[in-house]
Amino acid sequence: MTETKATGYDCLSSRLVSEGELRAFLLDCFAVAERQLFVGHEDRVAELLRDVPEDVVFSVFCTYRQASGHFAMGVDVGIEGRLADRVGRREFAELFAARFDAYILYGDTEPPGLWTVILPDGERLRAAMDEADGDRYLYAATAPVPGLSGIRMDEGLWQFR
């Protein structure tokens, strides 16, 4: 039997979530004990880990940051392989979107330059995004994204492989 390797789930969220809310979500999502979870702003990781012994291993290691453009925050979550078996990348995005009533952008197996967007109701879209000066804006999607106007609808994005 092959053991799943540790992996990372990175996403952008349309909603800024507090650290406490993020912590509670991750504890529920991955069903881990508090001592197995690290959550901190990406600019404070060294400071937050200063008094943690070097041999401590976190099953879930999450950093977050503020984002701009169509997204309010970015979240990077490193997880042990056994947790990836329990909650996949898409399921993680769906749970995050539903819990925080947000649209979530993440990448998995899409062609280069395309992304998956999960809406709060679980609908999955394919989208194209521009990145300039740290701002990220969707410019095309396979269906409307609630709250965003001016995005070109393009069902053809599903045809790219």
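For the numbers below, each heavy atom of this structure counts, side chains included, while hydrogens, waters and symmetry mates do not.
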For this session: May I ask you to test the V32-L27 pair for a side-chain heavy-atom distance under 4.5 Å?
Result: yes
For this session: Apply the side chain to side chain donor-acceptor pair (under 3.5 Å) test between Y64 and each candidate in E42, E19, H41; give the one that qualifies.
Result: E19
Exercise. Do R65 and D76 sit within salt-bridge range, that is, some charged N less than 4.0 Å from a carboxylate O?
Worked result: yes
Exercise. Would you call P146 and Y103 a side-chain contact if the rule is heavy atoms closer than 4.5 Å?
Worked result: no
Exercise. Is there a path from L22 to L48 through hydrophobic residues (I, L, V, M, F, W, Y) whose side chains come within less than 4.5 Å of each other?
Worked result: no
Exercise. Are L16 and L26 in one and the same hydrophobic cluster, where Ile, Leu, Val, Met, Phe, Trp and Tyr link if side-chain heavy atoms are under 4.5 Å apart?
Worked result: yes
Problem set entry | Result of checking I104, L105, V75 against L12 for side-chain contact (heavy atoms from CB on, under 4.5 Å) | L105
For this session: Starting at CE of M73, measure out to OG of S13 and round the result to the nearest 0.5 Å.
Result: 6.5 Å
For this session: Report yes if the side chains of V56 and F38 come closer than 4.5 Å at any heavy-atom pair, otherwise no.
Result: no
Exercise. Are V17 and F25 close enough that some pair of their side-chain heavy atoms sits under 4.5 Å apart?
Worked result: no
Exercise. About how many Å separate CE of M129 and CG of L114, when rounded to the nearest 0.5 Å?
Worked result: 10.5 Å
Exercise. Looking only at heavy atoms, what is the nearest atom pair of A84 and T4, with distance?
Worked result: CB-CG2, 4.2 Å
Exercise. If you measure from CZ on R90 to OG1 on T116, what distance do you get to the nearest 0.5 Å?
Worked result: 8.0 Å
For this session: Hey, could you give me the CH2/CD distance between W158 and E110, rounded to the nearest 0.5 Å?
Result: 8.5 Å
For this session: May I ask you to decide if R44's main-chain N or O and E47's side chain share a donor-acceptor pair within less than 3.5 Å?
Result: no
Exercise. Are L37 and F30 connected in a single hydrophobic cluster, I mean Ile/Leu/Val/Met/Phe/Trp/Tyr linked by side-chain heavy atoms less than 4.5 Å apart?
Worked result: yes
Exercise. Is there a donor-acceptor pair under 3.5 Å between the side chain of E91 and the backbone N or O of R89?
Worked result: no
Exercise. Is the backbone N or O of A33 less than 3.5 Å from a side-chain atom of Q36, with the two atoms forming a donor-acceptor pair by type?
Worked result: yes
Seminar exercise, completed: All heavy atoms of A143 vs all of M153, minimum pair found to be C-SD, 3.1 Å
For this session: Check whether any side-chain N or O of D154 sits under 3.5 Å from a backbone N or O of G156 as a donor-acceptor pair, and report yes or no.
Result: yes
Exercise. Do you reckon V60 sits in the same ILVMFWY cluster as F100, going by side-chain contacts under 4.5 Å, direct or chained?
Worked result: yes
Exercise. Given side chains that start at C-beta, do those of W115 and L157 come closer than 4.5 Å, heavy atoms only?
Worked result: no
Exercise. Using the benzene-type ring in the case of Trp, are the ring centres of F96 and Y9 under 6.0 Å apart?
Worked result: no
Exercise. So if you build clusters from Ile, Leu, Val, Met, Phe, Trp, Tyr with side-chain heavy-atom gaps below 4.5 Å, do F92 and L83 land together?
Worked result: yes
Seminar exercise, completed: Rounded to the nearest 0.5 angstrom, the CG-CD1 distance for L125 and I118 is 7.5 Å
Problem set entry | Nearest atoms (heavy-atom pairs only) where L138 meets H70 | N-ND1, 2.8 Å
For this session: Could you tell me which non-hydrogen atom of V117 sits nearest to which non-hydrogen atom of A127, and how far apart they are?
Result: CG2-CB, 3.7 Å
Problem set entry | Non-hydrogen side-chain atoms of D101 and R15 separated by less than 4.5 Å | no
Exercise. Between the side chain of S14 and the main-chain N/O of A102, is any donor-acceptor distance below 3.5 Å?
Worked result: no
For this session: With the side chain counted from C-beta on, respond yes when R124 and E94 share a heavy-atom pair under 4.5 Å apart, and no when they do not.
Result: no
Exercise. Given side chains that start at C-beta, do those of L95 and R99 come closer than 4.5 Å, heavy atoms only?
Worked result: no
Problem set entry | Rounded distance (nearest 0.5 Å) linking atom CG of L148 with atom OH of Y137 | 11.0 Å
